Protein chains: 2
Amino acid sequence: MPAAEQTVLPQPSRAEIRIEQVLQALGDPVRLTLVRALATGPAVGIACGAVPLPVTKSTRTHHLRILREAGVITMRTEGTRRIAVLRRDDLDALYPGLLDGVLGAPH
Amino acid sequence: MPAAEQTVLPQPSRAEIRIEQVLQALGDPVRLTLVRALATGPAVGIACGAVPLPVTKSTRTHHLRILREAGVITMRTEGTRRIAVLRRDDLDALYPGLLDGVLGAPH
DNA sequence: ACCGTTCTACGATGCTCGTCGAACTTCGAC
DNA sequence: GTCGAAGTTCGACGAGCATCGTAGAACGGT
C-alpha cells in the first residue's frame, strides 16, 4: 500500500496539558535523562531504544507513556520503531522558561 | 530577652539543591497550592497555618518538610509560629525561568 | 502558674509508583 | 514463509509516599 504511516499515539492537546502532570513527569531521573537526550538530539526526534538507560524495555515503555500522557513528548510509529519528539512549542507556550530552566540544570 | 529568634530549620545549600527533587516537590497539588500562596503573598513569608488546605495539620507539616528539604522554601521559627519563605533567589539562580513558568500556569 | 494556640514527632495504614520478567504483536529481511 | 529485532501489555513485587490520629514540646497571654 502507498503512503500512510502517520500513526501518532494519543496525547493531550495543548489545552489539556496540566502543570502538575508535567512536573511530576519531569521529576524522575530516568525520564529526565530521556528528555535531555531528546532536547540535545535532532529536532526530528530519535528512536526510543537509542537512548542508553539502566532499565529494561518494559520500564522504558512505561516512562515514555508517562511523558506522552503528560504532554511532554509526541510519539509516532515508523516501521518497527517508535520515534519520540519533545513538544517544545507547546511547553514553551504554556510555561515560558520552564523547559529551559530544567534543561539548563547541572547534569 | 533581647534579640535572638533566628531559628532557621535545616535546609540544603544552593549547591545541594537537586533539580529532580525540586520538580518532584512541585509536582504535588497540595504543595503547588502552598508554593503559589507563598509566591503571591508578602515577601517576608507567611505562617504555614494561614494557607487553607484540604488536609490535616500533620499532613501539612509533611508537605512543608518535603518542600524545605528539596530547597524550595525556608522556614524559621517566630514565637509559636513557623514562617515559610519561598527561596526565589536560589531557584532563579539555579534554574532561571522555571519558577516563573510554573507560577504562570493556569490555576 | 495555668491554659490555649501552634506546630512537630511518632506510629500505622492504604495506595501509588518504579521496576522486572514473560508472553504477545508487528515489522523487515533473508 | 520463517526468523529475529523492536516495543507493548500484563501481572506481580517492593519501596516510598500521602494521609491520618494521637501525643508532646514551645511560646504567649491572662
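Note that the structure is a prediction, hence the values are computed from the model and not measured. By convention in this document, chain letters (A, B, ...) are assigned in the order of the sequence lines, proteins followed by strands, and residues within each chain are numbered from 1. All values below were derived from every heavy atom in this structure, side-chain atoms included, with hydrogens, water molecules and symmetry-related copies excluded.
- Atom CZ of B/Arg76 is separated from atom P of C/dT6 by 17 Å (rounded to the nearest Å).
- Protein atom CD of A/Glu78 is 16 Å distant from nucleotide atom C1' of D/dA5, rounded to whole Å.
- At least one side-chain heavy atom of A/Leu23 sits under 4.5 Å from a side-chain heavy atom of B/Val102.
- Side-chain atoms of A/Val55 lie closest to C/dT19 of the nucleotides D/dA18, C/dT19, D/dT19.
- Within the 4.0 angstrom heavy-atom criterion, only backbone atoms of the sugar-phosphate kind lie near B/His63; the bases stay farther away.
- When distances run from any side-chain atom of B/His62 to the nucleotides D/dT8, D/dA18, C/dG18, the shortest one goes to D/dA18.
- Here the side chain of B/Thr59 is nearest to one of C/dC7, D/dT19, D/dA18, namely D/dT19.
- Summarising the geometry, the separation between CD1 on B/Ile73 and P on C/dC7 is reported as 13 Å, rounded to the nearest angstrom.
- Atom CG in A/Leu9 sits roughly 14 Å away from atom C1' in C/dT26 (whole-Å rounding).
- Between the CZ atom of B/Arg65 and the C1' atom of D/dG16 there is a distance of 15 Å, given to the nearest Å.
- A side-chain donor-acceptor contact under 3.5 Å links B/Thr56 and B/Thr59.
- B/Arg68 and B/Thr74 share no side-chain donor-acceptor pair at under 3.5 Å.
- Map A/Lys57 and B/Ser58 each onto its nearest nucleotide of DNA chain D; the residue landing nearer the 5' end is A/Lys57.
- Heavy atoms of A/Arg60 sit nowhere under 4.0 angstrom from any nucleic acid atom.
- At whole-Å resolution of the value, CD in B/Gln24 and C1' in C/dG18 are 11 Å apart.
- Salt bridge present: B/Glu69 and B/Arg65 bring a charged side-chain N and a carboxylate O closer than 4.0 Å.
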Discussion item. One pair to check against salt bridge (charged side-chain N to carboxylate O under 4.0 Å, His left out): B/Glu78 and B/Arg76. What are the steps and the verdict?
Written reply: CA-CA 6 Å; B/Glu78 198 162 277; B/Arg76 69 173 188 277; 3.3 Å; yes
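- Between the P atom of C/dG28 and the CZ atom of A/Arg82 lies a distance of 13 Å, rounded to the nearest Å.
- Listed pair A/Thr61 / D/dG7 fails the phosphate criterion, with no side-chain N or O lying under 4.0 Å from OP1 or OP2.
- Atom CD in B/Glu20 sits about 14 Å away from atom C1' in C/dG18, given to the nearest Å.
- Comparing atom distances between the A/Arg81 side chain and each of D/dA6, C/dG18, C/dT6 picks out D/dA6 as nearest.
- For B/Thr80, the listed nucleotide lying nearest its side chain is D/dC27; candidates were D/dC20, D/dT8, D/dC27.
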